Amino acid sequence: MKISARVRGEWLQVPCKDGNVTVGWLAEEAVRRYVRLHPVSGNVLSGTNNNKPRMVEVRKTGGCVLLDPEDNVVDVLDDNDFVNVRMENDLPEAVGPSTIGPTSNSHFDYTLSDSLILSSKLGAVANDQLTASSDSDVVLDGYHLTIKQLVLLSKGNTKIRLRKIAEDRVTAGRQLVEAILKDNKVAYGITTGFGKFARTVISADKLEELQENLIRSHSAGVGQPLSLERVRMLMALRINTLAKGYSGISLKTLNQVISAFNSSCLPWVPEQGTVGASGDLAPLSHLALGMLGEGKMWSRRTGWADAKYCLESNGLEPIKLGAKEGLALINGTQLITALGAEAVDRCELIAKQADVVAALSLEVLKGTSRAFDSDVHQLRPHPGQINVARRLRSLLHSEAYPSAIAESHRFCDRVQDAYTLRCCPQVHGIVHDTIEFVHKIIKTEMNSATDNPIVLPERGEIISAGNFHGEYPAKALDYLAIGVHELASMSERRIERLVNPVLSELPAFLVREGGLNSGFMIAHCTAASLVSENKVLCHPSSVDSLSTSAGTEDHVSMGGFSARKALQVVANVEHVIAIELLAACQAIEFLRPLKTTVPLEEVYRTVRAVVRPWDKDRYMAPDIEAVTALLREGKIWNCVKGYVDAVKDYLDLESRAPSPTSVSLPHSVAPSYLVHEDDDEKNPPTKKHCADHQHKDNE
């Protein structure tokens, strides 16, 4: 008895002896044969029992009858029958007896093409979620992409379009490549080999094979695959670079890449393997390999599947490379830059929230805000330092936002606080300035032509140069890691002060019945371990270089690891700040019924919406993750931003507590930096005013 089984669009004949085998066995045997006969495509279905796709269903092609895997083949099928085997990550074919029934004349009515047409008509595929209006598209021209737009594109709900001027530039660049081919000129990467083989001229009949071989041989990355969000960022950045028109790619090929992005057809890209010059060759080659219909690819319709199957399931065709096009797809710093852009975006968010959390810790530790006096910081006018001091003043005790906790220790004999409280503007400030510096470099890199060679259509010339070298983003991201690490370094010491009763005058480890309960004891250890880990991760990878490509590429940036390290550092920082925020909110419980300022009470309420007070020991890891999620989503910053902005409009409201060192001085002219235009404005911001600011921010 023989049965024809379809797996991933391929028909295979499976001998079933006398038919006394189960339908489940038939399906497994069909998949096994598919894997053996398609070693590249089959890799997606092979693997351990833990990671290979699960068989979802087996149906007869005629009538779409669903078969029970436990039934014997002889009982439910006839000799030479046809069945369809669907795996859990295959195309969800929205076809039933109402659309294809027993009256069909063909055994092949349940093929891939039919199911695509029917699925399209029924609108049953998940990819229809991407039918956003053109108003929500991100329009690229190679010059104006922002980090916020790139992060938006990573979510998979926004499409890409090209500006007309970008299309014209791409066409002009391709025309120059075609002219060089027509004139039989020798140009690196177009009519020659690559790297050490730059002097090897390739015959005209092998130029397309040259580009395909380049992609296949350079797809040599290893390690964990990039997340889908990061693949989207990588893909969008490469599209943006190609849109500049200096890569020599054809508009047709570029549009195919854009269509794949808009359909969320995302290649499998391992995160390790780039040395950051000549560009991020290995990861970008894996990106291009999927576009050729080779390797693995993911889409909403198919899950992880063979790339060709994934493309065809979304109505797309694999790319056919012309001269120079393979090199155009892989030569650039887009992996470093994509990961770097994510790191910058997350650093910007956690840095602002670290200021808020530090203010809350200072409040519950009964510190003073005198060290944040604007006159002090004007004497050392670094922008970040001034802004952090202003932010702390706007959150702590003032005429605008009085604090009962601050009033409770107003007449204490403490002169000054520990450095992790007193020096927040100086330490957090340079972190903010570092992030701003790196932001500028990453944004410039996002909108740069990083190919080699560079195609200059306006000059009719192609120049081999070094824009692919990743030293700029590599150095910047090493610097970013070093900078943002200090937020966690400061935070961990504040956690120590919060849990140490000698320093906080609060119950040990912020829990009642200490001994029976351990409270925040090991949460602090977790923070300490992450800070120690960051100290190692902050060693700059860009100080290293190894010669590659037989000495041709004799200095490289190692920027891929700079970017990956930066992301790990910021992830560790987010967790440490979350632990501090949890501890500070727990400390407030021991100061009740006293209340802190209005904005800091908002912080407390935001945390308590997801984590209840710590009455006795419980499973702590979920609490840490819940508050980390608040920080990553920016909810701690969002809940205070309106209050901070409101106070910013009322600079006269800086409250200065009486000082034992102050003396009366004769009236004199105030320095210019102390003169405010609104000297007659004496009313503190109202709650409505703060709400108005919050409303404007939300808009």
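All figures in this text were calculated on a predicted structure; none of them were measured in a lab.
- Remark: Glu208 pairs with no residue by the side chain to side chain donor-acceptor pair (under 3.5 Å) rule, at least two apart or across chains.
- Here Lys182 pairs with nothing under the salt bridge (Lys or Arg N to Asp or Glu O under 4.0 Å) rule; sequence neighbours left out.
- By the salt bridge (Lys or Arg N to Asp or Glu O under 4.0 Å) test, Glu633 is found to be paired with Lys635, residues two or more places apart in sequence or in another chain being considered.
- With sequence neighbours left out, Ser285 forms a side chain to side chain contact (heavy atoms under 4.5 Å, CB included) with His218, Ser219, Ile330.
- Remark: Tyr246 pairs with Tyr143, Lys244, Ala449, Ile454, Leu456, Pro457, Glu458 by the side chain to side chain contact (heavy atoms under 4.5 Å, CB included) rule, at least two apart or across chains.
- Considering only residues two or more places apart in sequence or on other chains, Glu212 meets the side chain to side chain donor-acceptor pair (under 3.5 Å) condition with none of them.
- Residues satisfying the side chain to side chain donor-acceptor pair (under 3.5 Å) criterion with Asn240, sequence neighbours excluded, are Asn447.
- Contacts of Asn572 classified as side chain to side chain donor-acceptor pair (under 3.5 Å), with partners at least two apart in sequence or in another chain: Glu533, Asn534, Gln568.
- Not counting sequence neighbours, Arg232 has no partner by the salt bridge (Lys or Arg N to Asp or Glu O under 4.0 Å) test.
- Applying the side chain to side chain contact (heavy atoms under 4.5 Å, CB included) rule to Lys206 yields the partners Ile202, Ser203, Glu209; only residues at least two apart in sequence or on another chain are considered.
- Val201 is linked by a side chain to side chain contact (heavy atoms under 4.5 Å, CB included) to Val186, counting only residues two or more places apart in sequence or in another chain.
- Considering only residues two or more places apart in sequence or on other chains, Glu325 meets the salt bridge (Lys or Arg N to Asp or Glu O under 4.0 Å) condition with none of them.
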